[in-house]
Amino acid sequence: MPISVPRGAPFLLLPPLLMLSAVLAVPVDRAAPHQEDSQATETPDTGLYYHRYLQEVINVLETDGHFREKLQAANAEDIKSGKLSQELDFVSHNVRTKLDELKRQEVSRLRMLLKAKMDAKQEPNLQVDHMNLLKQFEHLDPQNQHTFEARDLELLIQTATRDLAQYDAAHHEEFKRYEMLKEHERRRYLESLGEEQRKEAERKLQEQQRRHREHPKVNVPGSQAQLKEVWEELDGLDPNRFNPKTFFILHDINSDGVLDEQELEALFTKELEKVYDPKNEEDDMREMEEERLRMREHVMKNVDTNQDRLVTLEEFLASTQRKEFGDTGEGWKTVEMYPAYTEEELKRFEEELAAREAELNARAQRLSQETEALGRSQDRLEAQKRELQQAVLQMEQRKQQQQEQSAPPSRPDGQLRFRSDTDDAPVPAPAGDQKDVPASEKKVPEQPPELPQLDSQHL
């Protein structure tokens, strides 16, 4: 789905910086106060990879009074050609300092992107020539990576203008690939079915296509019939009193004097609802967005005479005077009436898909082998870990046994009994012990003298 980006107003009528916003397709919130320290206004993403940098530069420039005055007096060609960029030399020091910091941040971001890209393809320690690689980015001057100069603003404007002009073409190419992928998947699905199932699936598809084509007539975008239908059904006004100027004012939602692309696309909602209903499985909402883009391009091609992507009141009124405004023939031919691709393009697309699928399968197989190798390595590491744990456990057990053996004995009551150094020395025999004395030398111990026995008479 294309991102609709609101544009500004007629260049000479634009408030300060809205002209630059219109040229760059980046809107500025005019209701917000333009304070120097105000934060950047959030806007719809343009889809550019440098969208944030672009938005921040515009918000900083908006705070400088001198630049705003010069911008007010400039025209589209002055902006696109880079003439306005020379006025950057006269902005305040504070603004230049902020712009310098924005550029350094952008260069740092680009360097990180380059390093990530190089790391994904080559060795991480490879020396990268950032100066040379930065040349591939055209929205800033890579020769000066520290300060924001007039050349940077000129490159930013020119690059954004060119990239946004190619945005619709890129969307059409994306839609073509989407349609080819859808057809490729449909054919593969049918091939996977049996004969009877395939016939039933084809019958169901044909029925869905028939229901999708059965819709009311779609008016040519920008034609009298289409605008009158909006005037009557959306605006609730009498179709017999249709007034182009009043219609223009009513649908200039932000009252900036032009119909921008977002305001134009809002006019096509009624026509799109005739063909696409999100509740119906046969209606593809991706095709509806492609239809909306085709309608806008048709109006811009036939109404926007100066091709500035803005429809002024003068251009709008002039378009209502042309013959084509009232003569629309059979009406608008929708997307399904214009095949998005040829059979030859589909064939090349399928070959591309097959090559990519083969590459992904090969990569998946390599990853599977590497996973198995890692699994085996993990098993070996686990086995080694268990062996080490067992060895540590055995060492702990032996250490504990040695400690138990070297511990002092304990008494029966559980208290430790410490032995002196003489505990293990031989105990000398008692003095009276004469085991080892020869029998001839042994002395018989003297018997104590017997006491006289007294009888009862002596008592």
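Bear in mind the structure is a predicted one, so any value in this text is a computation, not a measurement. Note that these values count all heavy atoms, side chains included, but never hydrogens, waters or copies made by symmetry. Numbering of residues begins at 1 and proceeds along the displayed sequence.
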For side chain to side chain contact (heavy atoms under 4.5 Å, CB included), just list the numbers for E315 and V258, CA-CA rounded to whole Å, side-chain angles, deciding distance to a tenth of an Å, and then say yes or no.
CA-CA 10 Å; E315 290 173 330; V258 294; over 6 Å; no
Does this structure show an ion pair linking [X] with [Y], if we count only N-O contacts that are shorter than 4.0 Å?
X: E200; Y: K204; value: no
X: E289; Y: R292; value: yes
X: E359; Y: R363; value: yes
X: E191; Y: R188; value: no
X: R366; Y: E370; value: no
X: K301; Y: E297; value: no
X: K270; Y: E229; value: no
X: E290; Y: R286; value: no
X: K182; Y: E179; value: yes
X: R177; Y: E173; value: no

Testing the 3.5 Å rule here: is there a donor-acceptor pair between the side chains of [X] and [Y]?
X: H251; Y: D235; value: yes
X: E382; Y: Q378; value: yes
X: T342; Y: E344; value: no
X: R380; Y: S377; value: yes
X: Q105; Y: E101; value: yes

Other residues, nucleotides, ligands: >12 heavy atoms within 6.0 Å of [X] [atom1]:
X: R241; atom1: CZ; answer: no
X: K103; atom1: NZ; answer: yes
X: E330; atom1: CD; answer: no
X: R96; atom1: CZ; answer: yes

Could you state the interatomic distance from [atom1] ([X]) to [atom2] ([Y]), rounded to the nearest 0.5 Å?
X: D260; Y: E265; atom1: CG; atom2: CD; value: 9.5 Å
X: L61; Y: L99; atom1: CG; atom2: CG; value: 5.0 Å
X: R376; Y: T371; atom1: CZ; atom2: OG1; value: 10.5 Å
X: Q394; Y: Q389; atom1: CD; atom2: CD; value: 12.5 Å
X: L102; Y: T97; atom1: CG; atom2: OG1; value: 11.0 Å
X: Q209; Y: E336; atom1: CD; atom2: CD; value: 9.5 Å

When you measure from the side chain of [X] to the backbone of [Y], do you find a donor-acceptor pair of N or O atoms at a distance under 3.5 Å?
X: N280; Y: E282; value: no
X: D141; Y: D152; value: no
X: R68; Y: E62; value: yes
X: E138; Y: Q158; value: no
X: E271; Y: F268; value: no
X: D252; Y: D256; value: yes
X: E291; Y: V335; value: yes
X: K274; Y: K217; value: yes
X: Q226; Y: G222; value: yes
X: R211; Y: D283; value: no

State, with a plain yes or no, whether a side-chain heavy atom of [X] is found less than 4.5 Å away from one of [Y].
X: S368; Y: E372; answer: yes
X: K385; Y: L388; answer: no
X: E343; Y: L346; answer: yes
X: F67; Y: L153; answer: yes
X: V57; Y: E106; answer: no
X: V275; Y: M288; answer: no
X: F247; Y: T320; answer: no
X: R151; Y: N144; answer: no

Residue pair [X] / [Y]: nearest heavy atoms and the distance that separates them:
X: F316; Y: L227; answer: CZ-CD1, 3.7 Å
X: A160; Y: L54; answer: CB-CD2, 4.3 Å
X: A201; Y: L190; answer: CB-CD2, 3.6 Å
X: Q145; Y: V107; answer: OE1-CG1, 3.7 Å
X: Y50; Y: D163; answer: OH-OD2, 2.7 Å
X: V311; Y: D304; answer: CG2-CB, 4.4 Å

E87 vs F90, side chain to side chain contact (heavy atoms under 4.5 Å, CB included): CA-CA, chis, key distance, verdict:
CA-CA 6 Å; E87 299 298 329; F90 302 100; 3.6 Å; yes
List the steps, then state whether salt bridge (charged side-chain N to carboxylate O under 4.0 Å, His left out) holds for E183 with R187.
CA-CA 6 Å; E183 177 62 16; R187 293 184 182 185; 2.7 Å; yes
Assess whether side chain to side chain contact (heavy atoms under 4.5 Å, CB included) is satisfied between E214 and R210, documenting all intermediate values.
CA-CA 6 Å; E214 292 180 350; R210 181 190 64 78; 2.5 Å; yes
Of the options H298, H171, E261, which is the one that meets L293 in a side-chain contact (heavy atoms from CB on, under 4.5 Å)?
H171
Please enumerate all residues that pass side-chain hydrogen bond (donor to acceptor under 3.5 Å, both in side chains) together with E357, with sequence neighbours excluded.
none
Does the salt bridge (charged side-chain N to carboxylate O under 4.0 Å, His left out) test come out yes or no for E195 and K199, once each step is laid out?
CA-CA 6 Å; E195 185 176 355; K199 289 181 179 179; 3.6 Å; yes
F349 vs K176, test: side chain to side chain contact (heavy atoms under 4.5 Å, CB included). Steps then yes/no.
CA-CA 10 Å; F349 177 75; K176 178 193 291 187; over 6 Å; no
